[in-house]
Amino acid sequence: MREYRPNEIEKKWQEIWEEKELYKAEIDHSKPKFYALVEFPYPSAQGLHVGHPRPYTAMDIVARKKRYEGYNVLFPMGWDAFGLPTENFAIKNKIHPAIVTERNVNRFREQLKSIGFSFDWSREINTTDPKYMKWTQWLFLQFFKHGLAYKQEMPINWCTSCKVGLANEEVVNNACERCGGEVVQKVKNQWMLRITKYADRLIDDLEMVDFIDRVKTQQKNWIGRSEGMEIDFQVAGKEDKLRVFTTRPDTIFGSTYMVIAAEHPLIDKYKDEISNYHEISQYREELAKKSELERTDLSKEKTGIEIKGLRAINPATGKEIPIWVSDYVLMSYGTGAIMAVPGHDDRDWEFANKFGLPIVEVIKGGDVTKEAYTDTEEGILVNSDFLDGLTVKEAQEKIAGWLEERGLGERKVNYKLRDWVFSRQRYWGEPIPLVHCDDCGWVPVPEEELPVLLPDVENYEPTDTGESPLAKIEEWVNTTCPKCGKPAKRETDTMPNWAGSSWYFLRYCDPHNDEEFASKEALEYWMNVDWYNGGMEHTTLHLLYSRFWHKFLYDIGLVPTPEPYQKRTSHGMILGDNNEKMSKSRGNVVNPDDIVRDYGADTLRTYEMFIGDFEKSAPWSENGVKGCRRFLERVWRLQEIVVDGDEYTKELESSIHKTIKKVSEDFDTLKFNTGIAALMSLANEFYDHGSITKKDLETFLILLNPVAPHITEEIWQEVGLGGYLHESTWPGYDEAKTKDQVIELPVQVNGKLRATIQVDVEAEQDDVREMALGDENVKKYIEGKNIVKEIYVKGKIYNIVVK
RNA sequence: GCGGGAGUGGCGGAACUGGCAGACGCGCUAGACUUAGGAUCUAGUGUCUUUGACGUGGGGGUUCAAGUCCUCUCUCCCGCACCA
């Protein structure tokens, strides 16, 4: 037998697969289709690190297994190549970002190919490719034409380090999601996408799909739907009404004061009548000086001032109540004003308690002198006139009707989700394909002129003014209006890097189409994505954005399904061997190239799947890698014990059936670690038995093949199992043969294990009893005691209780 | 603060509807083969005061039986964070 030399055999098989175009997906209506998708990487200058192959290997296993099961599998790969790191690298090294991108892509492709993934490389896409960009721009124009893209002057999040505007989703703890830089508010004229229009469906349609719960909950929380009412409170003696949003209209009789945000326009409007206006404007200034972070710090005490000279009338009680201004009410949510119900809201209670405002109990069940009572399930209304005696739910219904009849309020749903800030002031992104004409306004660039390409520039540097670097290229900016022909100017902002990734899964269906973003036929055949695996960090970014795009495209009849992804799973991170996140600065980055070179791609793949629970993060361990290499060496040496025979070895048959079952189930449910463990056990059993038939080996190799595709093909050929392994079908198992007829039954005395006896699984209690009580060790423990009870669970346990 | 997840050997991690805790792998110990071993093979490996007892973050409970169920509590991770 030859030595196991992964570097030789891996290259050999990769060439064979490529030559045979084994993984090229074609529409074929005679087979069920399966679309497996992994998030396409951003081709960074650093190349792959060992975190990348984890999800790729997982989905590669799924894809390979599905092929053996007779599916027509689409498993594509591409490059999400627009982005700041490339641009920054280009600026620093004075190389065009397109050249940097090409270089990085080539490196990534080579690395991925060396690991032996079964991607259909003929469908490779690149978001920066003009042929791809064209359709990203075209799709943007569909949003524009349907009124879902609009330009608005508004305060946006500005990353002071990247010098670029950010979407809300890109701000994490007031810092830039990407670079961690400080984010400040900056008023800018921005292109926005009306994602809020889809807020309800983005929540409700989660019902239709099979996403892990974490993802569903996170998306729901992000969208933040809350149902309630907007209610008008008359400003006493004035024309104006003060409108509030509340989710608890049932507590209105307990509203003893109101609070408005510091920025609320009411203050300015009545500044002459507010006797303490000076004090209030001082308070406002102080707040304005504070950062968002300080203002929203929950641990600090609430502050506030009563507005003297203005009062409001509680529409339910008819009583006058004071109006306060405080930092705990935000202008950006609801109406910027609240009706405070200190008895039944923690924040209002804290505030009322601090400033000595009256606290009225309107829901029985707690002690409002000690804390707010917020339970909505048990509570019964009191001190609430016609609501008295009702449950919270009933009261909500009744008060809503009452207020609506009198024109005092209306039911209203509020969302935390904001429209998507879609403009970026950087060079390396898709230009927004619109032209501004003084006469015609914003005019789309005609379809035949797409894509609008990035001009070559000397300088890609972002500006401090918040203008795109493109704004300086006059010959590019100045154009003519597509509509009237007069001089006009191009939009100089570019799209965020999330644009290209919002629809790439559609392009994979038909990547070379120059007439359409993808043909109807291709979309109808391949969509939906059956299984999409990706990072949790994209849950409220890419995953939400792409669902939104897809829904819009569905509405205008361009895609056949309302949701893009049928199933979504997520992988855990691979940490450095010091249990910290891998990063260059920590010096704990492992390059997969080194592992492939020293141990082989199959070892890398096996280890990444064996490392632990797929969904959890796990620290890298070089010893763990070695262990997997040892396992593959053992698999390699199975050649030495193989004998002719096209039946399973009798003594191994049950184990083989069990393993087929275990591996099949585990590979379908992301439990790769236990699947591989089962294969290791079976290999151990093979060695214990001393010899295996070709049939035993054949099944073993097919089961292991999705994990370690090269070594298994090689052994297959070496042993002469006929044809190629990749032409096989997935082995089936006989349920009956996965169950042992004779089992080791544990016998307990008072819940403690005292013996195990060999019995038939189906044995009746009387037979088992005899054997159990006859056991020497058991005898010892029941001697001289009374048997109180005996429990027999077939196939599980025999427990004798003595006293 | 709210929502979600998790605490199991020296380490990564197994354990179906409650039914032999620690599968599988790493590491470690001893032995074999060797000029050698960071190769390979064999045996062992939860802890302890080892005819036995104790063991799944901690306390209480339900049960013939609890890692698994109930209850209180501690710690860590993730998400949201004054959202009315």
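Per chain, numbering begins at 1; letters A, B, ... match sequence-line order.
Within a 6.0 Å sphere centred on CD of A:Glu783, heavy atoms belonging to other residues, nucleotides or ligands number 12 at most. In this structure, A:Lys354 places its NZ atom where more than 12 heavy-atom neighbours from other residues, nucleotides or ligands lie under 6.0 Å away.
Distances from the side chain of A:Asp613 to the nucleotides B:C54, B:A14, B:G3 place B:A14 closest. Here B:C64 is the nucleotide among B:C64, B:A84, B:C41 with the atom lying nearest to any side-chain atom of A:Val801. Proximity note for A:Asn799 (side chain, C-beta onward) versus B:C20, B:G13, B:G19: the nearest is B:G19. Between B:C64, B:C82, B:C24, one nucleotide has an atom nearer to the side chain of A:Leu330 than all others, and that is B:C82. In this structure, of B:C26, B:G12, B:C64, it is B:C26 that holds the atom nearest to the side chain of A:Arg630. Of the candidates B:C41, B:C64, B:G25, B:C64 carries the atom nearest the A:Ile791 side chain, counting heavy atoms from C-beta on. Taking only side-chain atoms of A:Lys780, from C-beta outward, the nucleotide of B:C82, B:G12, B:G52 with the closest atom is B:G52. The side chain of A:Lys616 lies closest to B:A6 when the candidates are B:A6, B:A84, B:C20. Minimum atom distance to the side chain of A:Val793 is reached by B:G19, of the listed B:C24, B:A14, B:G19. Distances from the side chain of A:Thr674 to the nucleotides B:G19, B:A14, B:C20 place B:A14 closest.
When both distances must be under 3.5 Å, the Watson-Crick or G-U wobble mate of B:G38 does not exist. The partner of B:U62 cannot be assigned: no Watson-Crick or G-U wobble pair with both contacts below 3.5 Å exists in any strand. With both pairing distances under 3.5 Å, B:G3 is matched to B:C78 as a Watson-Crick or G-U wobble pair. The partner of B:C20 cannot be assigned: no Watson-Crick or G-U wobble pair with both contacts below 3.5 Å exists in any strand. When both distances must be under 3.5 Å, the Watson-Crick or G-U wobble mate of B:U49 does not exist. When both pairing distances are held under 3.5 Å, B:U29 makes a Watson-Crick or G-U pair with B:A43. For B:G55, there is no paired base (Watson-Crick or G-U wobble, both distances below 3.5 Å).
At least one side-chain nitrogen or oxygen of A:Asn623 sits closer than 4.0 Å to the OP1 or OP2 atom of B:G27. Contact check, A:Arg637 against B:C41: a side-chain N or O comes under 4.0 Å of OP1 or OP2. Using a 4.0 Å cut-off, no side-chain N or O of A:Asn684 falls inside it from OP1 or OP2 of B:C24. The side chain of A:Arg754 contributes no N or O atom lying less than 4.0 Å from OP1 or OP2 of B:C20.
For the pair A:Arg754 and A:Tyr781, the cation-pi criterion (under 6.0 Å, within 45° of the ring axis) is fulfilled.
A:Thr569 and A:Asn533 share a donor-acceptor pair across their side chains, judged by distance under 3.5 Å alone.
With both ends at atom C1', the span from B:C20 to B:A66 equals 14 Å, rounded to whole Å.
In this pair, A:Phe245 and A:Tyr333 present their aromatic rings perpendicular. The plane angle is above 60°, beyond the 30 to 60° band.
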